[in-house]
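Here the structure is laid out as structure tokens; the discussion comes afterwards.
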Amino acid sequence: MHWADFAASRLAQRGDSHIIATGITPSGHIHVGNMREVLTGDILRRACSDAGMNAELAYIADTADPLRKVYDFLDDSYSQYIGHPVGDIPAPDEKGRPDGDGTYADYFLAPFLAALDETGVECRVIDNYQSYKNGDFAENARKLCDAAEQVREIIERVSSRELSDNWFPYNPRGSDGSIDGVVITNWQWPYVHWVDQHGIEGKADIRTADGKLPWRLDWPAKWQQIGVTCEPFGKDHAASGGSYDTGKEIAKLLGYEAPMSMPYEWISLKGQGAMSSSKGITLSARQLLDIVPPEIMRYLIARTKPKRAIDFDTGEGLISMADEFERLGNSIPSLQDKLHSEEALKKRQRDQIEDTLAFWKYSQVVAGDSTASGSGISFSHLSLVAQVKQEDAEVWKSLSQTHGIDEKQPSKVLQERLWRMRNWVAGELFPDSSRVSIQEKINTEWVNSLGEDQIAYLQKLSESTTILENTESAINQWIRNTAQDCKLETKVAFNTLYNLYLGKDKGPRLAALLSALGKEQIIAPLTSTLNHLG
RNA sequence: GGGCCUGUAGCUUAGUCAGGUAGAGCACCUGGCUCUUAACCAGGUGGCCGCGGGUUCGAACCCCGUCAGGCCCGCCA
């Protein structure tokens, strides 16, 4: 059974209506790791719907969280905003100065939400800072402040850590707007009285956004307010004594049963380590979707159990995963037939087929549409054609010859695949091993190792270039017919030509490659090789 | 120091909760396609299931220990 269906079946035992929550603090570029959280939630939501339950995904933007530090991508002038809610401070401009349009939170949130939309994630966005302003936290904040000693006991016991004497279940903002270094002097509904690091005194109304609950309390308070029944979260929260453990007890204090947990592992970038904004190891959701088709991003998450770490390879690994996805799409009908046929399947086989079908189902950008995501063209082939053909029209023409697509009206999926492929090929993430590079110089060692029959073949090719037309089919005929004339095995002929042009034993469709090169470039290596042989 | 997660073929992994001959995909090899070999189709090679012990008729799975990687038990998410 697919992990999402399994989780849905456990949720079904709790009730038939569910709110799955997910959220992050928009303190910087929102990266692929965060994408896993949201996609995990979205796939679970679909699984619940498929199982006949009502299910909604709530995306909580933690905009009330304070700016922790001046990140590398920010100008030093941001130091004045440390401790201020990210939903309340200005966005950075292109130089990282706090002079951009809109809020800091929106600046990072907007592209991420757009990326979610592209990936087929359906969610209700909840702005946490706004929730504080609306007074949504008032009741829970009151209960927690009234039960301050009990709350302290829970956190100290469960996390086995000692809280400072002046710890209080509410962090008000001081006279400069920062929550850092503010000490509580008194609590009387609805005011928390404080003295800040400048020695200035004041009071915060907990029915407003004059401050916020500390994270370990903010979380369970939100569960209760929103009615969260399940939440995927990073493995850090899941560790014993971590925020989920304390959250469970705090929720009980608030008279609410904690949501079902769903811990997930990190995504790291292959060869670079864990995603970390501060170390500069990061791939934002936007950067990702500029090269990875959304259905393939979904596939990555859907096929991997949440507890398993993902080492994301944006190079060769992406090509092979995308090819796998394409093959999977082609095999769906036969898998379905196999599952429904009378043929006796072992349980293991059946499970495996069911899982595979689920991978495909949950990868679809449009839920329920099981045909739209396949493009019919493998990634590896598309990468080649995209490199060889500069004009899109030429790509469609080539694909119509090789794969029978409609040259005039390529599918939308395919068009999007191509622009992403072009972005990828143009950037640094594209793997060198898949780059097509024509040999600049002839490899004399290789030339000297050529057999008589191969030399005769090259000779014959060279003699017949004058009448050669620069089309794929003409070039293909030229290669094959000449080989036949020389009584050279086709296999050897191709091997020889791959070595001549690419310096490799194998390669992409040679006729396609050569026709894109142009006649002069076809002839030059032939001539220089024959000259070398004298 | 205390706790949690992960370790299965060269790579990605299923199976661990409910013990019953270790299953896939990629790569590789072979064959097929009077279209090419990085396209497509069929078949094949490849596993002391991290390691050591225990329970059992029987262990990848349960128990104890051990090694390796990651995470939490400060702030913050």
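Below, read A as the first sequence line, B as the second, and so on, with proteins coming before strands; counting in each chain starts at 1. Values in this document were obtained by computation on a predicted structure and should not be read as measured data.
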Provide the distance between the two [atom1] atoms, one in [N] and one in [M], to the nearest whole Å.
N	M	atom1	result
B:A14	B:G31	C1'	29 Å
B:A22	B:U16	C1'	12 Å
B:C11	B:C49	P	15 Å
B:G43	B:G58	P	37 Å
B:G3	B:G19	P	27 Å
B:U66	B:U21	P	32 Å
B:C5	B:G50	C1'	16 Å
B:C71	B:U55	C1'	32 Å

Could you tell me the separation between the [atom1] atom of [X] and the [atom2] atom of [N], rounded to a whole number of Å?
X	N	atom1	atom2	answer
A:N481	B:C35	CG	C1'	14 Å
A:L300	B:C11	CG	P	19 Å
A:D311	B:U12	CG	P	8 Å
A:L318	B:C26	CG	P	17 Å
A:H2	B:A24	NE2	P	20 Å
A:R36	B:C71	CZ	P	15 Å
A:E354	B:A24	CD	P	17 Å
A:Q349	B:A22	CD	C1'	14 Å

Contact class for [X] vs. all strands (heavy atom < 4.0 Å): base, sugar-phosphate, or nothing?
X	answer
A:K305	sugar-phosphate
A:S380	nothing
A:F233	nothing
A:D65	sugar-phosphate
A:D62	sugar-phosphate
A:R216	sugar-phosphate

Just to verify, what does [X] make a ring pair (Phe, Tyr, Trp, His ring centres under 6.0 Å) with, not counting sequence neighbours?
X	answer
A:W424	A:F379, A:F430
A:Y498	none
A:Y132	A:F137

Sub-3.5 Å pairs of nitrogen or oxygen atoms, protein against nucleotides 5-9 of chain B:
{"from": "B:U6", "atom 1": "OP1", "to": "A:K307", "atom 2": "NZ", "distance (Å)": "3.4"}
{"from": "B:G7", "atom 1": "OP1", "to": "A:R308", "atom 2": "NH2", "distance (Å)": "2.9"}

Discussion item. As a test of reading the structure: which of B:C17, B:A14, B:C72 is closest to the side chain of A:Q352, going by heavy atoms?
Written reply: B:A14
Practice prompt. Measure from the side-chain heavy atoms of A:S160 and tell me the nearest of B:A77, B:C73, B:C17.
Written response: B:C73
Could you check whether [X] pairs with [Y] (Lys NZ or Arg NE/NH1/NH2 to Asp/Glu carboxylate O, under 4.0 Å)?
X	Y	value
A:R216	A:D245	no
A:D218	A:K222	yes
A:E326	A:R417	yes
A:K235	A:E265	yes

Worksheet item: For RNA chain B, what string of dots and brackets results from 5' to 3' when Watson-Crick and G-U pairs need both distances under 3.5 Å, crossing pairs get [ ], and pairs with another strand get |?
Response: (((((((..((((......[..)))).(((((.......))))).....(((((..]....))))))))))))....
Could I get a table of every N or O pair under 3.5 Å where one atom is in the protein and the other is in nucleotides 27-33 of chain B?
none

Worksheet item: Nearest nucleotide by nearest heavy atom, which residue falls closer to the 5' end of RNA chain B, A:R435 or A:D355?
Response: A:D355
Worksheet entry | A:I522 CD1 to A:I475 CD1 distance, which is reported to the nearest 0.5 Å | 4.0 Å
Practice prompt. Supply the atom-to-atom distance A:L458 CG to A:L526 CG, rounded to the nearest 0.5 angstrom.
Written response: 6.0 Å
Practice prompt. Please check if the distance between the ring centroids of A:Y104 and A:Y81 is under 6.0 Å.
Written response: no
Worksheet item: Does the separation of the ring centres of A:H237 and A:W215 fall below 6.0 angstrom?
Response: yes
Item to complete: Begin with the C-alpha distance, continue with both residues' side-chain angles, and end with the deciding distance and a verdict on ring-ring contact (aromatic ring centres under 6.0 Å, His included) for A:F168 and A:W194.
Response: CA-CA 11 Å; A:F168 193 76; A:W194 49 260; over 10 Å; no
Worksheet item: So, the side chain of A:R152 versus the backbone of A:E162: is there a donor-acceptor pair under 3.5 Å, distance only?
Response: no
